[in-house]
There are 2 protein chains.
Amino acid sequence: MTIQFLTSNAQPIDPRIEKLVNDLIGRIAAKWTMLILELLAQRGEMRFTQIGRAVEGISQKMLTQTLRQMERDGLVHRTVHPVVPPKVEYRLTDLGLTLGEAFCGVWTWAEAHLERIEAARAAFDARD
Amino acid sequence: MTIQFLTSNAQPIDPRIEKLVNDLIGRIAAKWTMLILELLAQRGEMRFTQIGRAVEGISQKMLTQTLRQMERDGLVHRTVHPVVPPKVEYRLTDLGLTLGEAFCGVWTWAEAHLERIEAARAAFDARD
DNA sequence: ATTTATACTCACCTAAAAGAGAGTGTTATG
DNA sequence: CATAACACTCTCTTTTAGGTGAGTATAAAT
């Protein structure tokens with residue numbers, strides 16, 4: 001998912017910035033990223049399989065993929081303990097934590113307005 | 001995009017609520033929804049083609065689809081003026097406005113942390 | 001000797017999302 | 001008479017996301 005930034009007002013925006021905002025927003029808005037962010041914000045440091053069990057329905061592939069992207073973006077920190085069987089721990093970086101906080105508003109909004117939305121939908125579907 | 005809510009703690013959640021939160025978060029986190037929300041929050045009432053021009057890269061199909069979903073969820077209000085050529089105006093409802101505000105935190109975060117992320121990526125890609 | 005656990009990767013496949021492009025009805029305008 | 005504007009809809013094709021199931025290395029436990 002890539003987001004195209006709006007060039008609403010005539011001022012040209014640095015296309016580098018534009019591109020970064022686009023795919024950044026796309027990334028954080030992604031399904032699994034949000035859930036993992038939430039989870040790590042609540043629980044602190046966790047291991048790979050632990051996260052996999054907590055985020056219901058995620059496949060190993062998506063878990064790895066999402067964690068890698070988050071690591072690359074500096075949202076999570078990955079610690080590998082060179083033991084056998086392997087032990088890898090993930091935790092949010094400062095950056096990740098602040099993003100979690102920013103997103104918190106959206107989650108709260110969603111929870112708070114569930115009923116109004118349900119009502120709006122029912123009303124909409126009942127029209128005609 | 002559908003979101004699977006985490007049933008992390010053992011307490012069973014009403015599956016109705018669960019489902020609604022899931023697809024609600026999925027919906028609002030969606031690419032075009034966020035962009036249109038932003039746009040209407042800034043500019044107020046706008047016509048179909050105006051929005052289409054402002055949200056660069058959106059297809060007519062996606063524009064219609066996204067606006068319809070937002071209307072159904074009670075986020076935007078749609079006013080049809082029965083004239084020819086047709087005139088349809090869209091504006092955020094109160095609900096839409098509050099969501100815009102909640103999302104504002106995320107946009108602000110993205111803008112504020114662009115550089116750190118760019119740096120994190122560069123560092124990550126340079127490893128090995 | 002076999003199984004188990006961990007944290008993955010890889011190749012293949014399907015389903016869903018999104019894009020492209022044409023078509024529609026009506027009126028004003030050149 | 002042809003074209004343009006508006007707000008769409010419809011169909012077709014491409015792209016992307018994501019699922020599935022297998023495989024890997026190593027050591028400890030059974």
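Protein chains get the first letters and strands the later ones, always in sequence-line order, with residue 1 at the start of each. What you see is a predicted model, and the numbers here were worked out from it, not measured in a lab.
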On DNA chain D, more 5' by nearest nucleotide between B:Glu89 and A:Met62 is B:Glu89
So CZ of A:Arg53 and CZ of A:Arg47: to nearest 0.5 Å the spacing works out to 9.0 Å
Looking only at C:dT27, D:dT26, D:dC8, the nucleotide nearest the B:Val88 side chain is D:dC8
**Report entry** Any B:Ser59 side-chain N or O less than 4.0 Å from OP1/OP2 of C:dA18
**Finding:** no
When rounded to whole Å, the CD to C1' distance for the pair B:Gln69 and C:dA18 reads 12 Å
So CD1 of B:Ile58 and CG of B:Leu35: to nearest 0.5 Å the spacing works out to 7.5 Å
Next on the checklist: Side-chain N or O of A:Arg78 versus OP1/OP2 of C:dC8: is the shortest distance under 4.0 Å?
Outcome noted: yes
The reported gap from CG in A:Leu95 to CG in A:Leu75 (rounded to nearest 0.5 angstrom) is 5.5 Å
Hey, is the main chain of A:Gly74 close enough, under 3.5 Å, to the side chain of A:Thr93 for a donor-acceptor pair? yes
Residue pairs passing the side chain to side chain donor-acceptor pair (under 3.5 Å) test with at least one member in residues 83-92 of chain A, sequence neighbours excluded, are A:His77-A:Arg91, A:Arg78-A:Tyr90, A:His81-A:Glu89
To the nearest angstrom, the CG-P distance between A:Leu63 and D:dA17 comes to 17 Å
Distance col, row B:Leu37:CG vs B:Glu101:CD, nearest 0.5 angstrom, shows 10.0 Å
note: A:Leu67, atom CG; D:dG18, atom P; distance rounded to Å ~ 14 Å
Note: A:Met46 and A:Ala54 closest approach over all heavy atoms is CE-CB, 4.3 Å
Here the distance between atom C1' of C:dG19 and atom CH2 of B:Trp32, to the nearest Å, is 10 Å
* Asked: With respect to the phosphate group of D:dA7, does any side-chain polar atom (N or O) of B:Arg47 fall under 4.0 Å of OP1 or OP2?
  -> yes
To the nearest angstrom, the OH-P distance between A:Tyr90 and C:dT6 comes to 14 Å
A:Ile51 atom CD1 is separated from C:dC8 atom P, nearest whole Å, by 9 Å
Rounded to whole Å, the CZ-C1' distance (A:Arg53 to C:dA7) equals 12 Å
Winner on side-chain proximity to A:Pro86, out of D:dA27, C:dT6, D:dA7, is C:dT6
Here the distance between atom P of D:dC8 and atom NZ of B:Lys87, to the nearest Å, is 14 Å
Pairs under 3.5 Å (N/O, protein and nucleotides 9-14 of chain C):
| from | atom 1 | to | atom 2 | distance (Å) |
| --- | --- | --- | --- | --- |
| C:dT9 | OP1 | A:Arg68 | NH1 | 3.0 |

